[in-house]
Colleague: 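Quick one: the structure is below, and I'll ask about it shortly.
Below, chain A is the first sequence line, B the second, and so on; all start at residue 1.
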Protein chains: 2
Amino acid sequence: MAGTSRRDRARRATLAEIREAVRRLLVAQGSTAVTINAVARELGMSGPALYHYFAGRDELVGAVTADFFAELTAAMEAARDACADDPPGRRLLAAARAMRRWAIAHPAEFQWIFASPLAEPGKEPPSRRVAAGRRFERVFLDLTVELWKARRFPVPDPADLAPSLLEQLRRYCTAIDEVLPPEAAHVMLTCWTRLYGLLCMEVLHQLDFAYSDMEPVFEECLREISARLGVDYSPPEPVRRRPPAPASDQDV
Amino acid sequence: MAGTSRRDRARRATLAEIREAVRRLLVAQGSTAVTINAVARELGMSGPALYHYFAGRDELVGAVTADFFAELTAAMEAARDACADDPPGRRLLAAARAMRRWAIAHPAEFQWIFASPLAEPGKEPPSRRVAAGRRFERVFLDLTVELWKARRFPVPDPADLAPSLLEQLRRYCTAIDEVLPPEAAHVMLTCWTRLYGLLCMEVLHQLDFAYSDMEPVFEECLREISARLGVDYSPPEPVRRRPPAPASDQDV
DNA sequence: TAAGCTTCCTTAGAGACATTAAGGAAACAT
DNA sequence: ATGTTTCCTTAATGTCTCTAAGGAAGCTTA
């Protein structure tokens with residue numbers, strides 16, 4: 001099917017060009033500038049041609065959003081694997097910092113991920129997006145599981161959790177193949193919510209009224225999470241000029 | 001100027017009708033359905049007529065967004081004042097719960113508040129929105145200040161804060177007329193970020209993968225915040241059938 | 001190699017939207 | 001009664017999404 005014939009290669013190249021154009025427009029002129037016509041113009045084609053590649057604007061936007069999600073996930077995975085021999089706590093910090101680094105470097109893209117212009121109330125997000133989301137969450141989850149296996153972090157007594165909460169946690173644990181018990185999943189979700197929530201607030205400029213540079217705020221959040229997960233907090237390496245090997249952990 | 005003549009009254013009535021129509025469309029059909037034409041149609045007028053009331057779509061959206069902000073703020077203030085004789089900790093809990101109640105009851109509106117369809121990167125939000133935002137933040141700030149005055153809550157040693165963070169906190173304290181010292185402002189902002197961040201995540205459906213009912217999660221967040229602010233956590237009253245006086249604290 | 005199928009792109013066009021311009025009619029002020 | 005202001009209308013421009021119909025080229029197969 002996805003052969004390597006002349007046409008197939010051309011098609012793939014065009015698809016890539018389209019995605020690049022979408023991104024270029026998004027970054028340069030905002031999400032409202034991402035129109036079928038503008039994208040086509042960017043490629044030197046005329047509007048309706050794009051319908052051979054995407055069923056409509058929504059599918060186009062959805063595909064690019066999934067790209068962004070994948071890129072963010074890849075950045076986190078790369079940061080995690082760049083220190084594969086460190087203890088899981090350090091790798092978790094590395095992945096979290098990579099997440100923020102990516103979000104800061106690509107604010108427009110990050111915004112599309114969680115406040116997608118498609119996400120109208122009552123409309124299910126496309127399955128592609130959901131899948132991309134799962135891979136994303138998985139990064140943090142996997143590291144937490146490693147942590148849990150290596151040296152269990154402190155968890156609350158399940159009896160202290162609200163019954164309805166416990167019920168939901170059980171369901172979630174089933175969904176993640178019981179890699180964690182509900183109490184541990186609860187700690188993990190709490191940490192994740194704080195981390196991701198803080199980043200969303202930053203990118204949506206909801207904290208501009210108080211902070212101009214969120215880096216120390218984010219680091220403090222990491223410190224709290226570290227304490228909660230029973231790992232040592234270690235501050236970020238100051239700059240890191242590219243080490244010998246040319247492995248970039250930033251832009252995928 | 002803003003007299004009470006026949007025409008002035010008519011104008012005010014039309015303005016109110018427009019805002020209602022915008023909201024109706026937003027709630028019923030999502031933000032993309034809020035078009036100048038659709039709003040005009042809703043009023044039985046034809047499109048360009050609206051330009052006598054608003055300079056353009058952006059100003060219309062901005063005005064309605066400010067309305068929403070004001071309504072949310074009013075709901076919080078009402079909840080706070082409904083138990084004016086309680087200690088500040090309880091009133092803070094009441095205001096926080098009112099915030100979530102409003103957000104849950106009006107998800108589309110709440111979403112417009114923090115992920116405004118106007119907020120393109122590089123575009124300043126209109127001053128109206130900024131002002132509405134200040135009043136909103138003020139509710140939580142004021143209660144925290146009361147708390148601080150009544151019985152100081154535990155704060156970190158300023159020397160333990162990152163220098164750049166301390167610097168930012170100082171600037172923020174200047175902006176709020178030094179009603180709190182930087183260390184206390186830091187605790188306040190941390191609590192606020194968690195609370196507001198969690199709510200944003202909920203409304204943006206970023207936690208659906210784990211939770212179907214966020215109420216206990218929110219309550220646990222409140223418990224943490226209470227501990228941090230040194231106040232007693234008290235669970236919400238179960239339902240509260242409207243007490244004698246017909247004062248609604250929900251829909252303004 | 002020639003006929004036929006597929007793919008890619010074009011132009012034309014319908015329908016919706018934001019916005020400006022020009023004009024009429026009613027309300028208001030003097 | 002006259003002139004001005006206000007409110008609304010229609011007309012028109014240029015944008016957008018998306019469908020339809022057709023041409024040209026690439027691929028397949030006999």
Side-chain angles (χ1 to χ4, degrees), chain A residues 1-22 24-26 28-65 116-120 123 126, chain B residues 1-22 24-26 28-65 116-120 123 126:
Chain A
M1 309 306 163
T4 177
S5 76
R6 176 169 200 66
R7 273 224 282 242
D8 285 343
R9 267 180 295 130
R11 185 178 182 82
R12 255 193 301 277
T14 307
L15 273 165
E17 258 189 282
I18 291 174
R19 290 154 123 99
E20 281 162 27
V22 169
R24 199 163 41 235
L25 285 167
L26 169 66
Q29 308 182 55
S31 66
T32 59
V34 179
T35 69
I36 298 257
N37 284 336
V39 172
R41 224 176 289 129
E42 199 87 353
L43 302 204
M45 307 202 230
S46 267
L50 285 202
Y51 286 82
H52 279 268
Y53 298 92
F54 294 97
R57 187 177 187 274
D58 285 6
E59 200 185 291
L60 176 58
V61 166
V64 178
T65 305
S116 175
L118 304 174
E120 286 298 330
K123 205 177 5 168
Chain B
M1 309 307 156
T4 178
S5 76
R6 176 171 203 63
R7 272 223 284 239
D8 286 343
R9 266 179 297 127
R11 185 179 181 82
R12 254 193 301 277
T14 308
L15 274 165
E17 259 188 282
I18 292 173
R19 291 154 122 99
E20 282 163 27
V22 168
R24 199 164 42 237
L25 285 167
L26 170 65
Q29 308 182 56
S31 66
T32 60
V34 180
T35 69
I36 298 255
N37 284 334
V39 173
R41 222 177 292 128
E42 200 86 353
L43 302 204
M45 307 202 227
S46 267
L50 286 203
Y51 285 81
H52 280 267
Y53 298 92
F54 293 97
R57 187 177 188 276
D58 285 6
E59 198 184 294
L60 175 58
V61 166
V64 177
T65 305
S116 175
L118 303 175
E120 285 299 331
K123 209 183 353 175

Colleague: Please report the distance, rounded to the nearest Å, between CG in B:Asn37 and C1' in D:dT15.
Modeller: 13 Å
Colleague: How close or far is atom C1' of D:dC8 from atom CD1 of B:Ile36, stated in whole angstroms?
Modeller: 15 Å
Colleague: Heavy atoms under 4.0 Å, any strand shown: does A:Gly47 hit a base, just sugar-phosphate, or nothing?
Modeller: nothing
Colleague: Atom CD in B:Glu59, atom CG in B:Leu50: separation rounded to 0.5 Å?
Modeller: 11.5 Å
Colleague: Among the nucleotides D:dT17, C:dT10, D:dC8, which one has an atom lying closest to any side-chain atom of A:Tyr51?
Modeller: D:dT17
Colleague: Using whole Å, what does the distance between atom C1' of nucleotide C:dC9 and atom CZ of A:Arg11 come to?
Modeller: 12 Å
Colleague: For B:Asp8 and C:dA26, what is the distance between atoms CG and P respectively, to the nearest whole Å?
Modeller: 21 Å
Colleague: To the nearest 0.5 Å, how far apart are CG in A:Asn37 and OG in A:Ser46?
Modeller: 8.0 Å
Colleague: Measure from CZ on B:Arg12 to C1' on D:dT6 and round the result to the nearest Å.
Modeller: 15 Å
Colleague: Using whole Å, report how far CG of A:Leu50 lies from P of D:dC16.
Modeller: 12 Å
Colleague: Atom OH of B:Tyr51 and atom CD1 of B:Ile36: how far apart are they, to the nearest 0.5 Å?
Modeller: 4.0 Å
Colleague: Side chain of A:Pro48, heavy atoms from C-beta onward: which of D:dT19, C:dC8, C:dA21 has the nearest atom to it?
Modeller: D:dT19
Colleague: Would you kindly check whether a donor in the side chain of B:His52 faces an acceptor in the base of D:dC7, or vice versa, at under 3.5 angstrom?
Modeller: no
Colleague: Between C:dC17 and B:Arg41, is there an OP1 or OP2 to side-chain N/O distance shorter than 4.0 Å?
Modeller: yes
Colleague: Looking at A:Tyr53, I'd like to know whether one of its side-chain N or O atoms comes within less than 4.0 Å of OP1 or OP2 on C:dC9.
Modeller: yes
Colleague: Quickly work out the A:Glu17 CD to C:dC8 P distance and round it to whole Å.
Modeller: 14 Å
Colleague: Please report, rounded to the nearest Å, how far the C1' atom of D:dC16 is from the CG atom of A:Asp58.
Modeller: 14 Å
Colleague: Within the pair A:Arg57 and D:dC18, is there a side-chain N or O less than 4.0 Å away from OP1 or OP2?
Modeller: no
Colleague: Does the side chain of A:Ser46 get closer than 4.0 angstrom to OP1 or OP2 of C:dT11 through an N or O atom?
Modeller: yes
Colleague: Just one of B:Val39, B:Ile18, B:Leu60 clears the side chain to side chain contact (heavy atoms under 4.5 Å, CB included) bar with B:Tyr53, so which one?
Modeller: B:Ile18
Colleague: Could you measure the distance from the OG1 atom of A:Thr14 to the CE atom of A:Met45? Nearest 0.5 Å is fine.
Modeller: 5.5 Å
